[in-house]
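In what follows, chains are A, B, ... by sequence order, proteins preceding strands, each numbered from 1.
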Amino acid sequence: MAKYSVRTFDAVIVGAGGAGLRAAIQLSESGFKTAVLTKVFPTRSHTVAAQGGVAASLGNSEEDHWHWHMYDTVKGSDWLGDQDAIEFMCRKANECVIELEHYGMPFDRTDSGRIYQRPFGGHMSNFGEKPVRRSCAAADRTGHAMLHAMYQRNVKANTQFFIEWMALDLIRDAEGAVLGVTAMDMETGEVVAFHSKTTIFATGGAGRIFYSSTNAFINTGDGLGMAARAGIPLEDMEFWQFHPTGVAGAGVLITEGVRGEGGILRNSAGERFMERYAPNAKDLASRDVVSRAMTTEINEGRGCGPHKDFVLLDISHLDPATIMKRLPGIREIAIQFAGVDCIKEPIPVVPTAHYQMGGIPTNYHGQVVVPHGHSKSAVVPGFYAAGECACASVHGANRLGTNSLLDLLVFGKSAGESAVDELRNSPKAHKPLPQGEIERALARVDRIDTQKGGASVHETQLEMRRTMQKHAGVFRFSDLLKAGVEKISDVHKAALSTEIADKSKVFNTARVEALELENLIEVAVATMVSAEARKESRGAHVRDDAPDTPEHPNGRDDANWLKHTLWYKEGNRLDYKSVKLTPLTVETIALKTRAY
Amino acid sequence: MSNRTLQFKIYRYDPDKDQKPYMQEIAVEVESTDRKLLDAMVKLKAKDDSIAFRRSCREGVCGSDAMNINGRNGLACLTDLTTFPEGKPIVLRPLPGLPVIRDLIVDMTQFFKQYHSIKPYLINNDPPPETERLQSPEDREELNGLYECILCACCSTSCPSFWWNPDKFVGPAGLLAAYRFIADTRDQATSERLDNLEDPYRLFRCHTIMNCVEACPKGLNPTKAIGKIKDMMVRRAV
């Protein structure tokens, strides 16, 4: 067995995207000894690719209110979001966005010098009346501007980064407390146990489980894999967002901000088909609604191109100056990846896997919570999660655009604050490290280094992604889901017995990819099993055997399924917990049929 | 377009087993859906998993996959396969001027050290107001062409002045960042920032060779930003 050394910190943050960097600001500025581990240099994290904006009811261009934002988010979630967490997020939005501006984020500006805001899908004024300008934007590079501003703030705060370190496994003792992580220095192959009093996961999503995805190569669900292996359940993993506008063939994201600025989706007849599906919000309906409408158009033969397999996103009617000012990055992407100049021609787009609504279960303080004893939400001592890897749950069954950047700001900050509180209020010595837990991670690395006659990492990940795409896509079918559960369990076996040819200790990216696949496959299994079990349609999860009926509008079955799924790796077991319908201060946003 | 075979010559060096670097010749078949160099490299890696390179977003915003492609610095994910001449191997080398860790992966410590040396964060010592600090659209426009940098290092590692003095010359990426904060009306540290660059090397080693402008995959112009800093230096000296 490989050797390892131990390093000791007050706090360890895994991941340096938006959530991790925001949490790190909190801890570093509070003076606690903090390590931030990241597989890539912080500004290469996938937050960098977010385009359209971050939601906050600043009301810079027209009247807005956090309560309206809360209503939209609950409705967007198809009532599966926890209303306490949603109220918390929407109320904190302004403060968090203003802080970012103070950090130096280069937001676009209105004529009066305030932060520029644009309309976005599902964001409405006055409890669902008409689209409102709520998305705070830096052109169409909001994520890039935000990530760099937060990295820069961390440079100022002297945050200690461990760059190109991959976390391998969570360290949990017999009482269930989290005591840090084991991690590998990718440059040298050295394994270190990071022994800490508090551990924050900000590891992002796992969109790479799908064949066609807007996600970066690094989005491999490492935090979810680590949590699942440590006995922590994953919540609501059946809910995946398919973004309506990925570039056909390439998968690269085209922001909803394009439609916010006036872009229109058209089918092969040139028809603005969203008018039929969402008469009020039209092209700015919620993402799940638009993705399904597009898929229906394509399935019914009204797709474009030689294979009739995409629709067109048209902004050629906009003033070229507006495109150059508000959507310069989109123009570059369209030229680079679709071969069209969107000033003159429409962009071919298809719904593309984009965002994981589920994740590691947390409360709105960022604390990880699991069923224990009589409670369904007992706090796991020392463990926090924020951002896409976490499920607070603010997105429920479908996330609104611009709420992901808000999620990572608000919950990155609140997880950081909670960790600071824990370190301040209950100062205690580090609990002793349980040896066996560290050896579990070392054994996984050893296995990969020594496996003979195993499966190819490349082929296995392709098989996983094809299986997920076919069996758990935009529309779901009961027989395909059932077959998918069998199939993904076969892929799971292959993923845990991969063989690599590269045996080097130095920057062994083959080994990293094999380790990443072990995380991805846990997410894939969780997704398939949770989706197969949920016998209703809700938000992004729509199945053929739960159709729209007068008794169950949109196929939603609140009597049986208004509850969160919890998937456990051990025994591939499912449990459920109730949705928090009581907000913090306002009245419950009552269940209603969702229409845009 | 049907499948075709691409020939590669790739710089290989693994300090764990190689005495010295060598060029590996390898071919790979790509499909019509493979548009970019990175698509072909992913297929190469499926064939030989020991080829090491960085990559992440595959859309030109994360800055991971910068390398030297047929003698020019660029991002693999933004380089069209159609730009390569038929019948000639595609030559891939690590970014020049930085120590090689392995294969196409360079040690970027020096590059980031220079970036950090310009204090790449907003400095404003006034108590933060309740709302945003106001900035006119015109003032905000001054940041265009500056804030979009992805820190890929294509520019600095194409710059002869940075090759000779990577420890003393800030380099185009760092200087672009310096001007990004100087140009920001919210930043109060302009004179401190200029002091920080008042040195024979840090700024003035830029000899306007302009390789950086040609290399930048985002179409930014560090030379222009450097020129503006030099102007400010001259004006405050007079």
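A/M105 has its side chain out of reach of B/L122: every pair of non-hydrogen atoms, C-beta onward, lies at least 4.5 Å apart. When side chains are defined from C-beta on, A/T43 does not count as touching B/Y115, because their heavy atoms never get closer than 4.5 Å. With a 4.5 Å cut-off on side-chain heavy atoms, B/C62 and A/V40 do not count as touching. Within the 4.5 Å cutoff, the side chain of A/K503 has no heavy atoms near those of the B/D16 side chain. Taking the side chain as every heavy atom from C-beta outward, A/E513 and B/D49 never approach each other to under 4.5 Å. The shortest side-chain heavy-atom distance between A/Q336 and B/K36 falls under the 4.5 Å cut-off. Inter-residue side-chain proximity for A/H102 and B/P129 is flagged as met; some heavy-atom pair is nearer than 4.5 Å. Proximity of A/E164 to B/R54: side-chain heavy atoms (C-beta onward) are separated by under 4.5 Å at one or more points.
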- request: Go through the steps for A/R114 and B/E132 under the test salt bridge (charged side-chain N to carboxylate O under 4.0 Å, His left out), then give the verdict.
  value: CA-CA 7 Å; A/R114 298 196 170 274; B/E132 64 266 58; 3.3 Å; yes
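For residues 139-152 of chain B, the interface with chain A (any heavy-atom pair closer than 4.5 Å) comprises B/R140, B/E141, B/L143, B/Y147, B/E148, B/C149, B/I150, B/L151, B/C152, sorted by residue number.
For B/R133, the parts lying under 4.5 angstrom from a heavy atom of chain A are both the backbone and the side chain. Only the side chain of B/D80 comes within contact range of chain A, judged by heavy atoms closer than 4.5 Å. In this structure, chain A has a heavy atom under 4.5 Å from the side chain of B/I105, while its backbone stays farther away. Contacts of B/F53 with chain A are made by backbone atoms alone, with heavy-atom separations under 4.5 Å and no side-chain atom involved. Proximity to chain A is absent for every atom of B/N124, based on heavy atoms less than 4.5 angstrom apart.
In this structure, B/K119 places its NZ atom where only 12 or fewer heavy-atom neighbours from other residues, nucleotides or ligands lie under 6.0 Å away. Under a cut-off of 6.0 angstrom, the local environment of CZ in B/R93 is sparse, with at most 12 non-hydrogen atoms contributed by other residues, nucleotides or ligands.
The minimum heavy-atom distance between B/R58 and A/N215, with the atom names listed, is NH2-O, 3.8 Å. Of all the heavy atoms in A/D502 and B/R102, the pair that sits closest is OD2-NH2, 2.7 Å.
Note on B/K218, B/R186, B/E59: by heavy-atom pairs under 4.5 Å with chain A, the leading option is B/R186. In terms of heavy-atom pairs under 4.5 Å with chain B, the best-connected choice from A/R141, A/E187, A/K505 is A/R141.
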